[in-house]
Structures are given as C-alpha cells and as structure tokens.
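For reference, the structure is listed below as structure tokens.
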Amino acid sequence: MNRRYRKTIIAGNWKMNKTITETKEYAAEMREILGKPKWCEAVLLVPPVNLQAGVRAFKDVKISIGTENCHYETSGAFTGECSAEMVKEAGAKYVVLGHSERRAYYNETDMDVNKKIHAALRAGLRPILCVGESLEERELGVTMEKITYQLKCALAGVTPEQVRRIVVAYEPIWAIGTGKTATSAQAAEVCGAIRTLIRKTYGARVARSMSILYGGSMNAKNAAELLSNEDIDGGLIGGASLEPKTFLEIINASNQD
Ligand code: 13P
C-alpha cells in the first residue's frame, strides 16, 4: 500500500452467493462490528438482483456497493443480461469486469472486456478490471506476456482521465478458490509490473494514483503480509468476504500503521 498517493480498497466479491435476506443479515451484523474503516474503502460486489436492497441495507454502514458484471450494450435483445446503466441506476458504484470465471465459463474475450470497460465508464461506474495467468502460463514463464496482453486489450481507447477511474485486480487463476495464495513476492512482482506498464502508457501520475489489488485465496491470515507491499493497494476477496467477521479482519489488516 502507499496511502499517500492512492486509495486502499478491500473489496469482497460475493460471486453467486447470498439472497436479499442474507444480504440484509450481513449488513446488520456489519453495522454492529465495523465502525469506520480507518484507511481503506471497503466494498462489496454483489449479484445485480441484490443491488437495490444492498445499497439500502448498507446505507449507514461504511461499505460501498458494486456488482460483478455488466453488458456492453445500453439495451437490446440480450436475454438475462444487465447494462451498465441499469446497474448504475440500481446503486452500483463499482463493477467487476473480466473476472476469470466470466472469461472461463461465459467465453468472455479480451475484446468483450474492452467494450464493457467503455460501457461502464460511460455509465459512470468504476470498473475493477481483473487480469491473471493460469498455472500452465506461469509454469511456461509467460505470466507478464499474458497480463500485458489482457491489459492492453482491455484499455484500448481508454484516455488517461478515464484510466484514473479504473482499479486493476491481479488474480492468478491458480490461486482463486484453491486455498493456494500467490506468495507475497509473486503478487508484488506482478502488481509492480502492472504499474510499470500503466506508467509507460499513461505516465507517472496516473500510475502512481492507480489502486492495484491482489485477489486469490486472500484471507485474514495472509492479508497483512500481502498488503505490506508498496504496489499492492488492497484485495479482491471471494470466499473470505462471505462472513462479516472474516471480512472485517481483512479490512483491519489494511489499517496497519
Ligand atoms: P477467493 O478469495 O475465493 O480465492 O476468490 C478470489 C476471487 O476470485 C475474487 O474475485
């Protein structure tokens, strides 16, 4: 983390978990235990159907609300999809784009992710852009090639002003939901390389102010060490965000002095 230049963000990605009732219960528990996060912005990314109820339930809890995907068109014949404008109006501040689960299970391409980034920015959302390599790619030594490719595609046509609204999350696919976290050194190396790439394309100021998160089996035990790296500005947390107490421990890990 480097709190002088950029925001620390602890974001929970609920994936396909929690009903509206469970969302309200979570908020009620958090209201009791959270207080005011000292240094970070805490965020929960919830299924779109939970957005309105979530925004209402977390109104007096210091947690921002976002969602996990959006379509790139404004409206039209896309059964089952939600546009960026729809999730924005339902109360989302952030939207996760390019998550590896969407790339793997719904065939989302890098070009789709690029269109979604533009749609989200147009709608006034803050995209959390996910990039990351598979185990095979890491073992072949092409991690940075993969991440460079993903970033260049996703950010094509995005202006420096717009990039300031984007958060990047480095999520090695092999670390997601596996209990296998990247070592602090591995995560820091890639997050640092992402910042270098942003610097080369958009300049030092934009790179310095960008929040770059790590995601992949981050939990209350490993959070403090990961967050102690200068280039890791927070976390994108799946499983460990589903229980208020565990999520709070990770928020607190970002409050270290
Ligand atoms: P886990 O924390 O469950 O590994 O999930 C990480 C993730 O995919 C967050 O987007």
Side-chain angles (χ1 to χ4, degrees), residues 8-18 22 26 40-48 50-51 54 63-70 87 92-106 108 112-113 116-117 120 125-135 137-138 143 146-147 150-151 154 166-184 186-188 190-191 194 211-227 229 232-254:
T8 302
I9 299 174
I10 302 294
N13 175 8
W14 276 1
K15 309 192 178 183
M16 198 175 76
N17 289 291
K18 299 204 186 287
E22 289 165 340
Y26 189 109
C40 75
E41 178 177 5
V43 182
L44 283 172
L45 291 324
V46 305
N50 291 1
L51 270 173
I63 293 188
S64 306
I65 300 296
T67 195
E68 308 165 13
N69 180 37
C70 69
V87 297
K93 175 176 179 186
Y94 289 92
V95 61
V96 178
L97 294 176
H99 193 282
S100 61
E101 286 153 16
R102 296 224 44 101
R103 294 178 192 258
Y105 305 145
Y106 305 100
E108 260 187 38
D112 293 332
V113 177
K116 289 180 179 212
I117 290 274
L125 294 162
R126 292 200 65 181
I128 300 179
L129 165 64
C130 300
V131 295
E133 82 287 5
S134 65
L135 186 58
E137 288 160 341
R138 174 158 283 270
T143 297
K146 168 81 178 287
I147 282 156
Q150 287 181 321
L151 277 175
I166 297 178
V167 175
V168 172
Y170 167 53
E171 297 208 308
I173 299 168
W174 48 270
I176 296 177
T178 56
K180 220 195 249 178
T181 323
T183 64
S184 175
Q186 283 172 326
V190 178
C191 290
I194 291 172
S211 299
I212 301 176
L213 317 183
Y214 167 79
S217 298
M218 190 161 172
N219 57 38
K221 286 208 178 73
N222 58 31
E225 192 189 339
L226 286 160
L227 295 173
N229 289 291
I232 303 180
D233 304 306
L236 186 54
I237 298 122
S241 73
L242 295 174
E243 282 298 324
K245 284 197 183 72
T246 324
F247 191 46
L248 179 64
E249 284 182 57
I250 303 177
I251 292 171
N252 287 341
S254 79

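Both ligands and their constituent atoms are indexed starting at 1 by order of listing.
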**Asked** Side chains of Glu41 and Ser64: donor-acceptor distance under 3.5 Å anywhere?
**Response** yes

**Request:** Quick one: look at Asn13 and ligand 1, take heavy-atom pairs under 4.0 Å, and tell me if it's side chain, backbone, both or neither.
**Result:** side chain

**Message:** Looking at ligand 1, would Ala175 count as a contact under a 4.0 Å heavy-atom criterion?
**Reply:** yes

**Heavy-atom nearest neighbour in the protein, as seen from atom 2 (O) of ligand 1, with distance rounded to 0.1 Å** = Gly238 N, 2.9 Å

**Request:** Using the test side-chain contact (heavy atoms from CB on, under 4.5 Å), find all partners of Leu242 that sit at least two apart in sequence or belong to another chain.
**Result:** Trp14, Asn17, Lys18

**Item:** Atoms of ligand 1 close to Ser217 [distance to a heavy atom under 4.0 angstrom, numbered from 1]
**Value:** 1 (P), 2 (O), 4 (O)

**Message:** So Asn69 and Tyr106, do their side chains get closer than 4.5 Å, heavy atoms only?
**Reply:** no

**Request:** Applying side chain to side chain contact (heavy atoms under 4.5 Å, CB included) between Tyr94 and each of Ile65, Val167, Leu125, report the one that passes.
**Result:** Val167

**Asked** For atom 5 (O) of ligand 1, which candidate among Lys15, His99, Glu171 provides the closest heavy atom?
**Response** Lys15

**Request:** Check whether any heavy atom of Gly216 sits under 4.0 Å from an atom of ligand 1.
**Result:** yes

**Asked** At the 4.0 Å heavy-atom cut-off, does Gly177 count as touching ligand 1?
**Response** yes

**Item:** Ion pair Glu133/Lys146, N-O distance below 4.0 Å
**Value:** no

**Message:** Is any side-chain heavy atom of Ile10 closer than 4.5 Å to one of Leu227?
**Reply:** yes

**Asked** Got the closest protein heavy atom to atom 3 (O) of ligand 1, with its distance?
**Response** Gly239 N, 2.9 Å

